[in-house]
Amino acid sequence: MGKRRGGSGACGGGAAPVGGAAAMPGAAERGSELSEQIEAFVARLRGGGERPRSEDTARQTLSLLRKIVAHGRWSRAGELMHLIRTEGQRMTAAQPSETTVGNMVRRVLKVIREEYGRLHGRSEESDQQESLHKLLTSGGLSEDFSTPYPPLRANVIEAINELLIELEGTTDNIAMQALEHIHSNEVIMTIGYSRTVEAFLKEAARKRKFQVIVAECAPFCQGHEMAVRLSKENIETTVMSDAAIFAVMSRVNKVIIGTKTILANGALIAVSGTHTLALAAKHHSTPLIVCAPMFKLSPQFPNEEDSFHKFVSPQEVLPFTEGEILAKINVHCPVFDYVPPELITLFISNIGGNAPSYIYRLMSELYHPDDYEL
Amino acid sequence: MAARGTARRGPGAGGSRGPDPQEEPPPPLQAVLVADSFNRRFFPISKDRPRALLPMANVAMIDYTLEFLTATGVEETFVFCCWKSAEIKEHLQKSKWCRHTSPNTVRFVTSDLYRSLGDVLRDVDAKSLVRSDFILVTGDVVSNFNISKALEEHRLRRKMEKNVSVMTMIFKESSPGHHARCKEDDIIIAMDSATNRVLHYQRTQGLKRFRFPMSLFQNSIENVEVRHDLLDCHISICSPQVAELFTDNFDYQTRDDFVRGLLVNEEVLGNQIHMHVTTEEYGAHICNLLMYEAVCFDIIRRWVYPLTPEMNFTDDKNQSYTHSKHNIYRGVDVSLGHGSVLKENVLIGQGTVIGSNCSITNSVIGQNCRIGDKVTLDGAFLWDKVHIADNVEICHSVICDEAEVKEKVKLKPHCVLSSQVVVGPGITLSEGTVISLHPPDEEEEDDDQFSDDSGVNKEESKVKLKGYNKKDVGSEGRGYLWKADDKNEEDEEEQRQSLWGPALHSEEESESDSDLSMGSEELDSRAASPQLDDIKVFQNEVLGTLQRGEEENISCDNLVLEINSLKYAYNIGLKEMMQVLSKVILEFPLQQLDANLDSQNYFSALLPLLKNWTPLFKNYIKRASDHLTALFAIEEFFLEHDSLCTSIAKVLMTFYQLEILEEDVILNWFSMRDTSDKGKQLRKNQRLQKFIQWLEEAEEESSDGDQD
């Protein structure tokens with residue numbers, strides 16, 4: 001994926017053209033403006049007040065990185081990679097649960113490696129890493145990225161622009177596959193609110209009639225919003241409480257959910273309540289389909305320092321106005337669930353359907369092994 | 001510059017800002033942060049470190065306040081420092097707020113002359129620092145509130161009616177009994193529910209009964225809400241007029257003065273105050289250690305999300321934490337010995353070493369602490385570099401920087417060890433012990449009660465040759481017990497209250513485990529005025545004046561003049577003035593007599609005083625209602641001092657004979673029905689009844705005489 005198209009007029013869509021030269025008057029000012037923007041982005045990630053859309057986060061990260069490439073002080077690929085890595089570390093540390101940021105940083109690092117390799121005269125197939133042997137030994141073949149190539153800046157920017165275009169189309173690409181999975185008169189269950197799933201169901205509803213059951217996903221009850229949006233498209237929608245998931249599961253043909261992150265082992269970090277849903281689906285042998293664009297694929301494993309879970313203010317579980325009782329009890333409000341890969345039947349991403357066991361392969365295509373750890 | 005400012009605003013303000021209805025963008029938001037509390041509630045802790053820098057879950061309080069301001073879209077903050085201003089400045093200059101990338105520009109204004117919030121705002125006005133609406137906060141506010149909605153409402157109100165609404169106060173809804181509500185800050189508010197206008201604002205001060213002016217309900221306002229479920233966040237959106245008003249009224253010292261003054265003079269000045277109530281977001285003001293404890297727990301229990309420890313919002317490398325189950329936060333390089341258990345709600349700072357078989361729950365431990373084996377910590381707040389030896393038990397206590405607790409020491413709840421104190425080994429500190437390296441007696445000399453820094457200059461000159469009392473701090477201990485032993489008991493109470501807040505007081509009386517049993521049953525008149533509020537201060541001043549008058553034989557006219565000026569300085573109404581004056585004079589002989597409280601002695605001491613000060617009374621007691629107020633004050637006094645009850649008849653008689661009180665009013669007072677049981681008992685006093693009888697007869701006689 002992400003093959004470079006020839007020609008230079010590739011940028012378009014939402015991506016604004018960016019000047020390539022760094023030695024413009026006021027470069028210092030632009031540098032400080034850039035660090036201000038990064039600072040603001042980090043602050044926004046930290047604040048995380050309204051649940052940000054992963055796609056927006058991905059786009060913002062990419063455009064920030066593009067600015068770093070365009071205006072940063074670097075002359076060699078190695079310096080650029082160091083620059084991107086340090087900024088990337090700051091951004092990911094701000095909100096570890098927002099894995100999209102880190103994924104985008106890794107994608108850009110991979111782009112730089114590829115572009116450098118191309119200019120360095122490496123043949124096209126050598127960075128494909130197709131054989132298992134190359135996969136194993138790739139760590140040893142590190143390059144020093146020290147040769148300066150003037151066209152590198154423009155090339156990298158262009159490649160990032162392509163990534164941005166790819167982002168634009170992800171939801172549509174996933175939705176296009178809906179008709180293969182949803183058939184007439186089926187009963188579909190979903191949980192909470194995912195824009196990808198919404199688009200997926202809406203696409204199917206244009207041709208077929210089916211019924212959707214939405215688990216409300218307490219305490220934030222995003223499911224309500226999902227139900228409202230679906231019923232506006234004339235889809236027969238039912239909202240139910242999370243407690244009823246198991247009871248209703250026997251009538252369900254398919255479970256279709258979204259996710260926040262796909263981990264390296266094919267597991268999910270998804271909105272809390274998903275694990276219950278997945279277990280119930282497993283018990284009734286109902287297929288569980290996960291709609292997730294590729295940028296949610298993260299090369300991290302679930303045992304890393306528990307950094308994935310996110311606990312927010314318990315306000316929604318037990319309001320602060322409750323008074324006396326709050327001093328005597330502990331209230332927790334986790335946002336995410338971990339769903340092990342064996343409960344998942346199929347991933348539908350913008351490049352097609354894959355089983356959880358195949359995730360490792362996609363991972364090695366998307367990211368360079370050296371970049372797994374930022 | 002302006003364009004640059006607005007360009008920066010977008011990301012800083014967060015996503016929730018709606019499209020602005022106005023054509024031109026509002027000017028950049030400014031804030032005034034007062035990094036001084038102008039009181040000594042945190043003494044002796046704040047002797048070493050200003051209150052704004054006290055660590056709250058290992059982060060200085062002022063950082064929370066600045067983060068709140070920045071997150072809410074403030075672009076320029078004026079930090080006003082007074083006490084230990086250099087330290088505050090140094091801290092902030094090292095922090096992320098002074099980096100050039102910070103969206104919030106921090107400017108310092110320091111002066112040793114600030115004695116109150118009023119002084120600060122007068123200075124704001126004098127230097128014309130603010131250009132438009134600004135946010136006023138103190139340096140000890142912890143909040144994740146997004147001000148934009150309240151600000152929009154405020155601006156809209158200002159636009160609709162030019163310059164009428166001057167201030168919007170932010171309140172957080174929290175029902176009575178909540179652990180983050182402290183009695184000292186407890187308020188009762190009357191508001192217009194349609195417009196959110198504040199009609200009446202009063203601190204409850206533990207009172208059971210409240211008076212609201214009748215005019216409140218007689219106005220044309222349709223729905224008046226009286227609310228007692230609000231927590232004052234001490235965040236207010238002010239218009240520049242607020243600073244001007246402080247300049248115009250030089251006697252405004254605190255925000256309370258301002259609010260009260262504005263509400264009282266509403267009809268004259270035409271200014272209004274509005275309020276905004278938030279339910280979801282968090283906001284609290286740390287006014288004593290009880291609140292400190294409560295807010296710390298709220299941070300650890302994630303109520304203030306996203307200002308949680310693992311977010312590391314200060315961007316300090318030493319402050320990165322990992323968060324795991326049961327709200328356990330661990331810094332970098334923390335070592336935990338074999339068999340030690342972190343139960344729940346524990347925060348451990350970087351580089352801390354904990355020995356084996358410890359049990360730690362609900363605690364905050366600072367950076368680079370050393371904790372021995374078999375230590376039990378429950379509700380302990382250890383700051384940086386604290387050393388705890390083996391077999392120590394600490395319960396609900398604060399231990400400041402570099403303090404040391406030796407083997408087998410037990411700390412009962414609410415102990416405070418200020419910095420570098422050493423205690424032990426093998427002693428038990430009783431509940432509420434406060435130990436500091438600063439000897440406590442340097443306290444009582446200074447008269448200025450309002451500033452953090454008074455008494456410090458003297459401290460330097462005083463060489464501490466006094467040895468440490470080994471009984472208090474243990475054989476290897478270092479530090480002085482902070483207990484006012486040479487004064488009467490009330491002093492001690494006051495001191496303990498000043499650190500832990502008044503709720504502790506009620507806890508002691510009700511003997512319950514929870515800090516929350518703020519039952520209003522046991523509230524007597526003593527608890528009713530626990531803090532040094534204006535009236536109390538005023539009372540002290542009047543007492544001082546009278547004492548001087550007695551000693552130096554100052555004439556009554558001059559005394560009247562002095563008391564009048566005090567009255568204006570403290571913004572005291574005529575009625576309170578009356579009460580205070582009566583009370584002070586009646587209490588006057590008590591000080592001289594001390595021990596032998598005998599009604600006979602008491603009266604003989606009082607009589608010459610009353611005679612001396614008759615003109616004083618006559619100056620103030622003019623109308624019938626004044627007479628009644630004075631009578632009530634007298635009644636209150638005698639209710640408080642049961643042993644003197646018998647002399648009430650004589651006192652009233654004297655008042656009558658000196659023509660201070662008129663017989664009609666005395667009779668009227670006596671026949672009042674709606675009094676408490678105690679009051680009824682008082683009225684059953686034989687001598688009093690005789691006196692009343694005598695009065696009644698005299699009246700009849702005189703009326704008979706008229707008929708003839």
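Chain letters run A, B, ... following the sequence lines, proteins first, then strands; residues in each count from 1. These numbers come from a predicted model, not from an experiment.
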Any side-chain heavy-atom pair of K325(B) and H332(A) under 4.5 Å: no
Pick one of side chain, backbone, both or neither for Y282(B), based on which atoms fall under 4.5 Å of a heavy atom in chain A. side chain
Chain A heavy atoms under 4.5 Å from N312(B): which part of the residue, side chain, backbone, both or neither? backbone
Would you indicate whether the side-chain heavy atoms of N330(A) and R301(B) approach each other to under 4.5 Å? yes
What part of L318(A) is in contact with chain B, defined as an atom under 4.5 angstrom from a non-hydrogen atom: side chain, backbone, both or neither? backbone
Would a distance-only check, ignoring hydrogens and angles, find a side-chain to backbone donor-acceptor pair under 3.5 Å from R46(A) to M311(B)? yes
Residue E39(A) versus chain B: region with a heavy atom under 4.5 Å: side chain
Would you check if H178(B) and L326(A) make a side-chain contact, meaning some heavy-atom pair closer than 4.5 Å? yes
Select one option (side chain, backbone, both, neither) describing which atoms of A94(A) are under 4.5 Å from chain B's heavy atoms. backbone
Return yes when atom NE2 of H82(A) has more than 12 non-hydrogen atoms of other residues, nucleotides or ligands closer than 6.0 Å, and no otherwise. no
Considering all heavy atoms of both residues, which atom of P319(A) and which atom of W303(B) are nearest to each other, and what is their separation? C-CH2, 4.3 Å
Who among V42(A), I38(A), V331(A), T321(A) has the most heavy-atom pairs with chain B under 4.5 Å? T321(A)
Hey, which of L231(B), L307(B), N327(B), N144(B) has the most heavy atom pairs under 4.5 Å with chain A? N327(B)
Check: D298(B) and F320(A) side chains under 4.5 Å, non-hydrogen atoms: yes
List the steps, then state whether side-chain contact (heavy atoms from CB on, under 4.5 Å) holds for Y305(B) with K310(A). CA-CA 10 Å; Y305(B) 183 87; K310(A) 176 174 163 188; 2.9 Å; yes
With a 4.5 Å cut-off on side-chain heavy atoms, are S35(A) and H100(B) touching? yes
Residue E344(B) versus chain A: region with a heavy atom under 4.5 Å: side chain
